[in-house]
Amino acid sequence: QVQLLQSGAEVKEPGASVKVSCKASGHSLTSFTLHWVRRAPGQSLEWMGWIIAGNDNTRYSQKFQDRVTITRDTSAKIVYMELSSLRPEDTGVYYCAKSDSGHYFDYWGQGTPVTVSS
Amino acid sequence: DIVMTQSPDSLAVSLGERATIYCKSNQSLLYSSNNKNHLAWYQQKPGQPPKLLIYWASTRQSGVPDRFSGSGSETDFTLTISGLQAEDVAVYYCQQYYKTSYTFGQGTKLEIK
């Protein structure tokens, strides 16, 4: 049974960066794709990007590609999402989610609330 | 990006009745190489992450009750909940994974009448 455990809530000032982690258990980190999805208050879900854990390939949404970086630490089974130049509208809950060959998300982390406020 | 539009935005259905949610994409999600529709449905309850219900438009995820079913092809899709239960109150999202950036519908809030 795959479990994805995310780091805790963050509060940041505008212009800062935030780095959220997602630790996988119950599955090899090298055998699936790990995505990041955001839900801002009153908004729908937004896909931010992925990392193919087996080869470090990444792909980002055009909306976030200038500000987001997704990396992995295979030995620790952790994937990181860093979002820079934070704005108040980046406030929301950030989720990691796993997919296999078809990119539907079958397992999700519990979510990490990020608040951007001065 | 592919635009996903759900209808209605909210829905109130009596216990035991059928709930139907629609999802429309602005381009076909039927991939010719595998003849599959790249469309998934999720359920999200307050304070919880989304839960996968349906993938490939009509394949039920393991452990999902069989009162949940998906249908449709190309640009028009439907999620049906037959025999609504109190625990089905949630927001439901469709998602296309035909191509990046993967996109979601705006969500449909399902309540009990």
Side-chain angles (χ1 to χ4, degrees), chain A residues 1-7 9 20 22 24 26 32-52 57-68 70 81 92-114, chain B residues 1-7 9-10 21 23 25 29-31 33-64 70 77 79 90-109:
Chain A
Q1 178 79 347
V2 175
Q3 287 194 322
L4 301 174
L5 184 62
Q6 297 183 224
S7 50
V20 182
C22 175
F32 57 74
T33 301
L34 206 294
H35 304 255
W36 289 90
V37 176
R38 172 174 93 176
R39 185 176 180 191
Q43 304 284 320
S44 183
L45 298 161
E46 283 185 287
W47 179 80
M48 300 179 68
W50 85 38
I51 186 164
I52 298 177
N57 278 356
T58 55
R59 181 169 286 185
Y60 302 122
S61 164
Q62 210 164 7
K63 174 175 180 176
F64 297 101
Q65 68 180 14
D66 293 336
R67 299 195 294 136
V68 70
I70 300 174
M81 185 283 298
V93 180
Y94 290 75
Y95 298 98
C96 61
K98 164 197 161 293
S99 72
D100 290 315
S101 56
H103 292 303
Y104 51 86
F105 310 133
D106 53 0
Y107 290 93
W108 295 69
Q110 82 276 20
T112 297
V114 174
Chain B
D1 291 358
I2 297 176
V3 177
M4 306 298 291
T5 304
Q6 291 180 227
S7 61
D9 290 336
S10 63
I21 300 170
C23 176
S25 62
L29 304 183
L30 180 61
Y31 201 46
S33 67
N34 62 7
N35 199 36
K36 292 183 176 182
N37 289 283
H38 290 221
L39 187 283
W41 289 96
Y42 301 87
Q43 173 194 69
Q44 187 172 29
K45 298 180 179 180
Q48 296 183 18
K51 174 187 174 182
L52 176 66
L53 298 175
I54 303 284
Y55 57 95
W56 301 129
S58 61
T59 302
R60 196 179 305 113
Q61 171 70 335
S62 175
V64 172
F77 302 91
L79 174 69
V91 179
Y92 292 83
Y93 296 96
C94 59
Q95 176 232 341
Q96 66 81 15
Y97 50 98
Y98 182 87
K99 67 177 182 181
T100 56
S101 297
Y102 304 131
T103 47
F104 295 81
Q106 79 276 19
T108 295
K109 186 174 184 180

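As a basis for the values below, the full set of heavy atoms in this structure was taken, side chains included, without hydrogen atoms, waters or symmetry mates. In what follows, every chain begins at residue 1, and chains take the letters A, B, ... in the order their sequences are listed. The shown structure was predicted, so the numbers you read here are calculated from the model rather than taken from an experiment.
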Novice: Using non-hydrogen atoms and a 4.5 Å limit, figure out which bit of B/Q96 sits close to chain A: side chain, backbone, both or neither.
Specialist: neither
Novice: Do you know the tightest heavy-atom contact between B/F104 and A/E46?
Specialist: CD1-N, 4.4 Å
Novice: Evaluate side-chain contact (heavy atoms from CB on, under 4.5 Å) for A/W47 paired with B/Q95, printing each intermediate quantity in order.
Specialist: CA-CA 10 Å; A/W47 179 80; B/Q95 176 232 341; over 6 Å; no
Novice: Looking at every non-hydrogen atom in both residues, tell me the closest pair between B/P49 and A/G109 and how far apart they are.
Specialist: CB-O, 3.3 Å
Novice: In the structure I gave you, are the side-chain heavy atoms of A/K63 and B/D1 within less than 4.5 Å of one another anywhere?
Specialist: no
Novice: How close do B/G105 and A/S44 get, counting heavy atoms only, and between which atoms?
Specialist: O-OG, 2.5 Å
Novice: So which part of B/Y102 gets closer than 4.5 Å to some heavy atom of chain A, the side chain, the backbone, both or neither?
Specialist: both
Novice: Counting heavy-atom pairs under 4.5 Å to chain A, which of B/P50, B/G107, B/S101 comes out on top?
Specialist: B/P50
Novice: Non-hydrogen atoms of chain A under 4.5 Å away: do they reach the side chain of B/Y42, the backbone, both or neither?
Specialist: side chain
Novice: Please indicate whether B/Y98 has more than 12 foreign heavy atoms, meaning atoms of other residues, nucleotides or ligands, lying under 6.0 Å from its OH.
Specialist: yes
Novice: Are more than 12 heavy atoms from other residues, nucleotides or ligands located less than 6.0 Å from atom NZ of B/K109?
Specialist: no
Novice: Do the rings of B/Y55 and A/Y104 sit parallel, tilted or perpendicular, given the 30° and 60° boundaries?
Specialist: parallel
Novice: At what distance, to the nearest 0.5 angstrom, does CZ of A/R39 lie from OH of B/Y93?
Specialist: 3.0 Å
Novice: Need one label for A/V37: side chain, backbone, both or neither, based on atoms under 4.5 Å from any heavy atom in chain B.
Specialist: side chain
Novice: Among A/H103, A/Q62, A/R59, find the one that has a side chain to side chain donor-acceptor pair (under 3.5 Å) with B/T100.
Specialist: A/R59
Novice: Give me the atom names and distance for the closest heavy-atom approach of A/Y95 to B/Q48.
Specialist: OH-O, 3.6 Å
